[in-house]
Trainee: 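Structure below; questions to follow.
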2 protein chains.
Amino acid sequence: MAITIKDLAKLANVSKGTVSRVINGSSGVGAETRQRILKLIKDLDYQPNISARGLAAKRSYNIGMIIPHTGNYSLSSSYWSALLTAVNEQVMARGYNLLFSTARAQDDVASSYRTILKRRCADGLIIGADQFGEEHLAELLTMDFPFVTVGKTPNNSVYYVDVDNRGGARQMTEYLLDQGHRKIALLTGPLEYPYVQERIQGFSQVMMAAGLSPHQIFHCPYQIQAAKEKTKDLLKLFPETTAIFAACSELVWGVIKAAQEMKIKIPDDLSLVSFDDHPLFEVFSPEITAVSQRINEVGRTAAERLFELVEGAVPAQKGIVLSTEIIVRRSCANRCKSSHPH
Amino acid sequence: MAITIKDLAKLANVSKGTVSRVINGSSGVGAETRQRILKLIKDLDYQPNISARGLAAKRSYNIGMIIPHTGNYSLSSSYWSALLTAVNEQVMARGYNLLFSTARAQDDVASSYRTILKRRCADGLIIGADQFGEEHLAELLTMDFPFVTVGKTPNNSVYYVDVDNRGGARQMTEYLLDQGHRKIALLTGPLEYPYVQERIQGFSQVMMAAGLSPHQIFHCPYQIQAAKEKTKDLLKLFPETTAIFAACSELVWGVIKAAQEMKIKIPDDLSLVSFDDHPLFEVFSPEITAVSQRINEVGRTAAERLFELVEGAVPAQKGIVLSTEIIVRRSCANRCKSSHPH
DNA sequence: CTGAAAGCGCTTACAG
DNA sequence: CTGAAAGCGCTTACAG
């Protein structure tokens, strides 16, 4: 039915091997022969059978991506959607396909990638750093299978692409200070995540350098309800707080909810900024100022790095760290007494 | 390196064919033999090589899903993320993998699926109805390749899963009437989408049955800015409007923006309801009342239908239409003069 | 530069 | 119920 390499070979009066060589751009084919076959391929719109190719070449021409799926979030978190989209573009640009998988828990991630590897469904993997236990990282590493994590992991043999969490937190904290804030609370995720620790470090560094106490740090799980409650606690405990730095976009919704319920106006009564931007931050009133993680860049870079690994390269640096960018909107009030409009 | 069917055959003292039969659950293997091989498979954690299997069986064991990616939206639209997640779960449950693809335009969709088909990367396809030109539908149909669209298409030979757009719009319009609204505006997407037309029909039916004018219908593209402007126009044109029914969750943001800028309070000054729910509708103040499309159901059903087709079934009905559900929250005020609290 | 041939790891009629 | 064999459509040393 479908046209095969054998048909091409017959039509071009060459062997299947030669056709195969031009398909794969291998060297050692006469220019004239190559042209002739190339023309045939185009005219007939020939596409190689991916299974046959995979079997013979021991490759699948797929890249696997496993995305956490916990409760309501996962893909709906905009971060992962953007990442998936960015990775997919790179993958397709190289003639690969993206194999998509979700995982509800760490064990699911493990079983996901195990079958993917064993069945040779993918030549490489991109995975979120968070949901990945150290044992699993070690296991993957010993299998010598190309993969990169998005976000740094505790295991420093792992290739990763990350955002400059420390720098981003520093940037934003400096911005808050510039705006005249002194009583700043950091609302952040569970301490076990490395990036949470890094954001705390960035925040603390700048606060301490300014001679301020960096101790208003609150942890909470990534749930709107929890963030709301935590915000209320925080504001009760430190009513003098003038700004909350929510170090994850999902926490922002909780802060907004809490402010609404407490009849606190943003930014008049309380400023709010975020680490990690979100498309709907422009819709809220006021629009939310945020550190953008430039997720597209992250995804693109992760894919590029993965393809290097797939092609056998051994990059010297394990990690690639991308800089962040502050998107100033209107959720942070200027508290400078001396501020005067120009 | 990896263990193959040949190894299993040797270990079990049978032929490769027999092993293959038990892997695939084919009949005609002795109970004892089957058990022995099954045990071996489990003990060795054997997984069949997917490329080899695909080549021999002329299947890929992949389901492809192509998702529109226009501007900022696509996956971030929560609708598609939820759909992708739901489909993926079904796909994985059947031992298949999900091949994910995005498309920026109709032509991209076409080239996407063409290579997927030609290369035999997938055994079936799930696609959004919108982004699919009639020529492409016809082309896919003539190739006799299993696919189902999410949403009805103009071509009635196409298998699809859809939501009861007319019924959902009817439900919500009735709810608005119940709440005492009479001056209701429908803000909806471009008229060329069949589901837009259906929602308009549902709205109009109920309005007319109540003796009301169903003519406050406004169309706008799915962009926040556009929806905002349209809302302003609408309110200028019909200042007596007491409720806006936004027939797509993305339009809701625009309405909210407009209300904020015009200092109009929701729901005190204006009620707002939506067709299509969104996770963040619970975060806004007030929480937004919406028709839920039960996207998980849609995704699950689409996958189930697709697998029927992949397995050669020829379902009699082309379409499966799922009912919607109203999620009442707080964005719609009760305007009944005679309303009294109990 | 090109061809012939083996082989990738499965499935599937066909015999028995 | 089971085996032997052909074949799926490619790739890739190996010769020449």
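Worth saying up front: this structure is predicted, and the values here are computed from it rather than measured. The chains referred to below are lettered A, B, ... by the order of the sequence lines, with proteins before strands, and numbering in each begins at 1.
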Trainee: In residues 49-61 of chain B, which residues come under 4.0 Å of DNA chain D by heavy atom?
Mentor: B:Leu55, B:Ala56, B:Lys58
Trainee: Extract the stems that DNA chain C is part of, considering only consecutive pairing runs of at least three Watson-Crick or G-U wobble pairs, both distances under 3.5 Å.
Mentor: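 Detected stem regions: C:1-3 with D:14-16, C:5-12 with D:5-12, C:14-16 with D:1-3.
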Trainee: Could you list where the contact with chain B starts and ends along DNA chain C, reading 5' to 3', using a 4.0 Å heavy-atom cut-off?
Mentor: C:dG9 to C:dA13
Trainee: Kindly write out the residues that satisfy side-chain contact (heavy atoms from CB on, under 4.5 Å) with A:Thr18, not counting sequence neighbours, or none if the list is empty.
Mentor: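 In terms of side-chain contact (heavy atoms from CB on, under 4.5 Å), with neighbours along the sequence ignored, A:Thr18 is linked to A:Val14, A:Ser15, A:Arg21, A:Val29, A:Thr33, A:Ile37.
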Trainee: Name all residues meeting the side-chain hydrogen bond (donor to acceptor under 3.5 Å, both in side chains) criterion together with B:Asn88; count only those two or more places apart in sequence or in a different chain, and write none if there are none.
Mentor: A:Thr102
Trainee: What pairs meet the ring pair (Phe, Tyr, Trp, His ring centres under 6.0 Å) rule with one or both residues in residues 4-28 of chain A, with sequence neighbours excluded?
Mentor: none
Trainee: Base, sugar-phosphate or nothing for A:Thr33? Non-hydrogen atoms, less than 4.0 Å.
Mentor: sugar-phosphate
Trainee: Please answer whether the main-chain N or O of A:Lys58 pairs with a side-chain N or O of A:Arg120 as donor and acceptor at a distance below 3.5 Å.
Mentor: no
Trainee: Among residues at least two apart in sequence or on other chains, which ones pass salt bridge (charged side-chain N to carboxylate O under 4.0 Å, His left out) with A:Asp144?
Mentor: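 A:Asp144 satisfies salt bridge (charged side-chain N to carboxylate O under 4.0 Å, His left out) with no other residue.
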Trainee: Please work out if B:Gly17 contacts a base, only the sugar-phosphate, or nothing of the nucleic acid, heavy-atom cut-off 4.0 Å.
Mentor: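 Base: the residue B:Gly17, judged by heavy atoms under 4.0 Å, touches a nucleobase.
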Trainee: Quick one: side chains of residues 302-315 of chain A, donor-acceptor pairs under 3.5 Å with protein atoms, not counting sequence neighbours, listed by atom name and distance.
Mentor:
{"from": "A:Glu304", "atom 1": "OE2", "to": "A:Arg300", "atom 2": "NH1", "distance (Å)": "2.8"}
{"from": "A:Arg305", "atom 1": "NH1", "to": "A:Gln317", "atom 2": "O", "distance (Å)": "3.1"}

Trainee: Across the strands shown, which category fits A:Thr4 at heavy-atom distances under 4.0 angstrom: base, sugar-phosphate, nothing?
Mentor: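 Touches sugar-phosphate only.
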Trainee: Sequence neighbours excluded, which residues qualify as side-chain contact (heavy atoms from CB on, under 4.5 Å) partners of A:Asn24?
Mentor: A:Ser20, A:Ser26, A:Arg53
Trainee: B:Asp7 near the nucleic acid: base, sugar-phosphate alone, or nothing, with a heavy-atom cut-off under 4.0 Å?
Mentor: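 No contact.
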Trainee: Closer to the 5' end of DNA chain C via nearest nucleotide, is it B:Lys6 or A:Asn13?
Mentor: A:Asn13
Trainee: Looking at residues at least two apart in the chain, or sitting in another chain, which of them share a side-chain contact (heavy atoms from CB on, under 4.5 Å) with B:Ile50?
Mentor: A:Arg119, A:Cys121, B:Tyr61
Trainee: For DNA chain D, whose closest nucleotide is more 5', that of B:Lys16 or that of A:Lys16?
Mentor: B:Lys16
Trainee: Restricting to pairs with a member in residues 17-51 of chain B, which pass ring pair (Phe, Tyr, Trp, His ring centres under 6.0 Å), not counting sequence neighbours?
Mentor: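 Qualifying pairs, neighbours excluded: none.
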Trainee: Report the relative orientation of the aromatic rings in A:Tyr113 and A:His136; use parallel for angles under 30°, tilted for 30 to 60°, perpendicular for over 60°.
Mentor: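 Correct class here is perpendicular.
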Trainee: Can you name the residues that form a side-chain hydrogen bond (donor to acceptor under 3.5 Å, both in side chains) with A:Asp123, not counting sequence neighbours?
Mentor: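 Listed in chain order: A:Ser60.
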